[in-house]
Amino acid sequence: MSTGAAAAAATARAVSSLGASFMSDPAMSARGRELGFDGIDFYLVGRAGVVGEVDSNVATAALVFFHPDVVLAAWNRSAGVMSRREAAAAFASCAWDWADNHLGNDLGNDLDNDLDSDIGNDLDWDTLLVLTRRIVDAADAALAPLFAGWRTLPEPDGVRRQTVHLMNALREFRMARHAAALVTHCVPIGDAVRHRQPTMTAMFGWDPGEVADDVVARWETADAMTDTIVGQVYDTLDADQLDQFVALAHAAVATIH
C-alpha cells in the first residue's frame, strides 16, 4: 500500500461502515423518537448540531448533500426538542451504543501501543485506535465544519467506542473534502446524490433523474481527487503503519454483527 492516497481509497468503505453504520441502526431511530424527534430529524440535527444554534442555511451548508428544504423542515420541527448541541451529544451516544452492540471484542492479540517499534502482524483494537487518532489529529478542519464540531464532543470510555467515535470524525472529514472536490469539478450537489445514492435521492430531497455522462465523469475525477486530498492526512503514518491501518480497518468491519 505504502501511500496515504492508496490507503485512503482502500479504507473509504471501511471508515464509512465503522463511523456511520449507527446512523442507519433502528436503535438510533428509536432513540430519536424517545427524545421527541420526528422522522429523519434526529439524524439531521444530531449530525449538524455540533455547529450549534445556527440558521438552517448554515446547517445545510455543513451537511452539504441534503436539499435546503429538507434541512429547514427538520430544523424548524426540532427547535423545541432540545438544544442543537444536546442533540449532537445524544446522537454521539448512539454511536457508542452501536459499538457496544455490534462490534466484536477482539481483533487478535494485544499489541504494544509504541508504534515506533515493530508493528507486527497481529490485529487489535488498541492499535487501530492509536492509528485512527493519529490521522484525525493531523487533519486540518478548514472547510470541514462537521468534522471540526465532532472533535469538540467529549470522547467515550472504551476502545471500541472511541474507535467508532474517531472513525465518524474521519468520515466527516472525508465527506467535507469530497464536497470540496465536487464543487471544484462543477458537479451539482443534486446530481452527485442522484449518481451516488440513486435509491435515496428522495430522502435527500432531490428530484430523481438521469445524470449526464459528463457529470458522472467529473464525479469520478472528484472522487479520485478526494483520495489524494485525504491521503495527505493519512501520510502522517509511515508506510508500515498505513498497511497496518488498512488491515485493521477491514478486520474491524469483519467483526460487525
- Walk me through it: do Asp191 and Trp206 pass the test side chain to side chain contact (heavy atoms under 4.5 Å, CB included)? CA-CA 9 Å; Asp191 279 345; Trp206 302 98; over 6 Å; no
- Query: What do the steps show when you test Tyr43 against Arg47 for side chain to side chain contact (heavy atoms under 4.5 Å, CB included), and what is the final call?
  - Reply: CA-CA 6 Å; Tyr43 166 83; Arg47 276 189 71 198; 2.8 Å; yes
- Distance-minimising heavy-atom pair for Gly4 and Leu242: N-CD1, 3.6 Å
- Task: For the pair Ser24 (side chain) and Ser21 (backbone), establish whether a donor and an acceptor sit closer than 3.5 Å, ignoring hydrogens and angles.
- Result: yes
- Task: Apply side chain to side chain contact (heavy atoms under 4.5 Å, CB included) to the pair Gln197 and Met203, showing each step before the final yes or no.
- Result: CA-CA 10 Å; Gln197 301 283 2; Met203 188 198 77; over 6 Å; no
- Determine whether Met28 and Trp98 make a side-chain contact, defined as any pair of heavy atoms from C-beta on separated by less than 4.5 Å. no
- Under 4.5 Å between any side-chain heavy atoms of Cys94 and Met23, yes or no? no
- Can any side-chain N or O of Arg218 pair as donor or acceptor with the backbone N or O of Cys186 at less than 3.5 Å? yes
- Item | Value rounded to 0.5 Å, distance of CD in Gln244 from CG in Leu131 | 6.5 Å
- Message: Quick check for you: to the nearest 0.5 Å, what is the distance between His165 atom NE2 and Phe22 atom CZ?
- Response: 9.5 Å
- Query: To the nearest 0.5 Å, how far apart are CG in Leu166 and OG1 in Thr132?
  - Reply: 6.5 Å
- Item | Closest heavy-atom pair and its distance - Ala181, Ala222 | CB-O, 3.4 Å
- Leu153 with Val159, same ILVMFWY side-chain cluster at under 4.5 Å: yes
- Determine yes or no for a side-chain-to-main-chain donor-acceptor pair under 3.5 angstrom, with Ser16 supplying the side chain and Arg13 the backbone. no
- Task: I would like to know whether Val15 and Phe173 meet side chain to side chain contact (heavy atoms under 4.5 Å, CB included); could you show each step before the answer?
- Result: CA-CA 11 Å; Val15 169; Phe173 177 75; over 6 Å; no
- Is there a donor-acceptor contact under 3.5 Å from the side chain of His67 to the main chain of Asp69? yes
- Query: Take atom CZ in Arg196; do more than 12 heavy atoms of anything else shown fall under 6.0 Å from it?
  - Reply: no
- Query: Where do Val246 and Ala10 come nearest, in terms of heavy atoms and distance?
  - Reply: CG1-CB, 4.2 Å
- Message: For Asp213, is the CG atom crowded, meaning more than 12 foreign heavy atoms sit under 6.0 Å from it?
- Response: no
- Is there a donor-acceptor pair closer than 3.5 Å between any side-chain N or O of Thr3 and the backbone N or O of Ala6? yes
- Message: Between Thr255 (side chain only) and Ala251 (backbone N and O only), is there a donor and an acceptor less than 3.5 Å apart?
- Response: no
- Looking at Leu103 and Ala252, what are the two nearest heavy atoms and their distance? CD2-O, 4.1 Å
- Side chain to side chain, Phe65 and Leu182, heavy atoms closer than 4.5 Å: yes
- Check whether any side-chain heavy atom of Val70 sits under 4.5 Å from a side-chain heavy atom of Phe204, and report yes or no. no
- With side chains defined as the heavy atoms from C-beta onward, is the minimum distance between Leu72 and Thr60 less than 4.5 Å? no
- Message: Tell me whether Glu220 at atom CD has more than 12 heavy atoms from other residues, nucleotides or ligands lying less than 6.0 Å away.
- Response: yes
- Message: Using modelled atom types and a 3.5 Å cut-off, is there a donor and acceptor pairing between side-chain atoms of Arg177 and backbone atoms of Val230?
- Response: no
- Task: Classify the side-chain pair Thr11/Arg174 by whether it contains a donor and acceptor separated by less than 3.5 Å.
- Result: no
- Query: More than 12 heavy atoms of other residues, nucleotides or ligands under 6.0 Å from CG of Asp55: is that the case?
  - Reply: yes
- Message: Would you compute the distance between atom CE of Met225 and atom OG1 of Thr184 and round it to the nearest 0.5 angstrom?
- Response: 5.5 Å
- State plainly whether one hydrophobic cluster holds both Ile229 and Leu170, where clusters connect Ile, Leu, Val, Met, Phe, Trp and Tyr through side-chain heavy atoms under 4.5 angstrom apart. no
- Look at the side chain of Gln162 and the backbone N and O of Asp157, then say whether any donor-acceptor pair between them is shorter than 3.5 Å. no
- Answer yes when Arg33 and Asp38 have at least one side-chain N-carboxylate O distance shorter than 4.0 Å, and no when they do not. no
- Query: Is it the case that one hydrophobic cluster holds both Ile256 and Trp125, taking links as side-chain heavy atoms less than 4.5 Å apart, direct or via other members?
  - Reply: yes
- Which heavy atom of Leu18 sits nearest a heavy atom of Ala249, and at what distance? CD1-O, 3.9 Å
- Query: Are side-chain heavy atoms of Leu128 and Met167 found at a separation under 4.5 Å?
  - Reply: yes
- Short side-chain to backbone donor-acceptor contact, Glu172 and Ala144, under 3.5 Å: no
- Determine the interplanar angle of the Trp219 and His195 rings, folded into 0 to 90°, and report it as parallel if under 30°, tilted if 30 to 60°, perpendicular if over 60°. perpendicular
- Donor-acceptor pair, side chain of Arg84 and main chain of Trp75, under 3.5 angstrom: yes
- Separation of Thr201 OG1 from Arg194 CZ (nearest 0.5 Å): 7.0 Å
- Message: Quick check: is Met82 connected to Val45 through a chain of hydrophobic side chains (ILVMFWY, heavy atoms under 4.5 Å apart)?
- Response: yes
- Query: What about Val253 and Trp96, same hydrophobic cluster or not, with Ile/Leu/Val/Met/Phe/Trp/Tyr joined at side-chain heavy-atom distances under 4.5 Å?
  - Reply: no
- Task: Provide the closest heavy-atom pair for Gly149 versus Arg85 in the form atom of the first, atom of the second, distance.
- Result: O-NH1, 4.0 Å
- Message: Determine whether the aromatic ring centres of residues Phe91 and Phe37 are separated by less than 6.0 angstrom.
- Response: no
- Value for CG (Asp41) from OG (Ser29), rounded to nearest 0.5 Å, stands at 11.0 Å
- For residues Val193 and Met200, determine if any side-chain heavy atom of one lies less than 4.5 Å from a side-chain heavy atom of the other. no
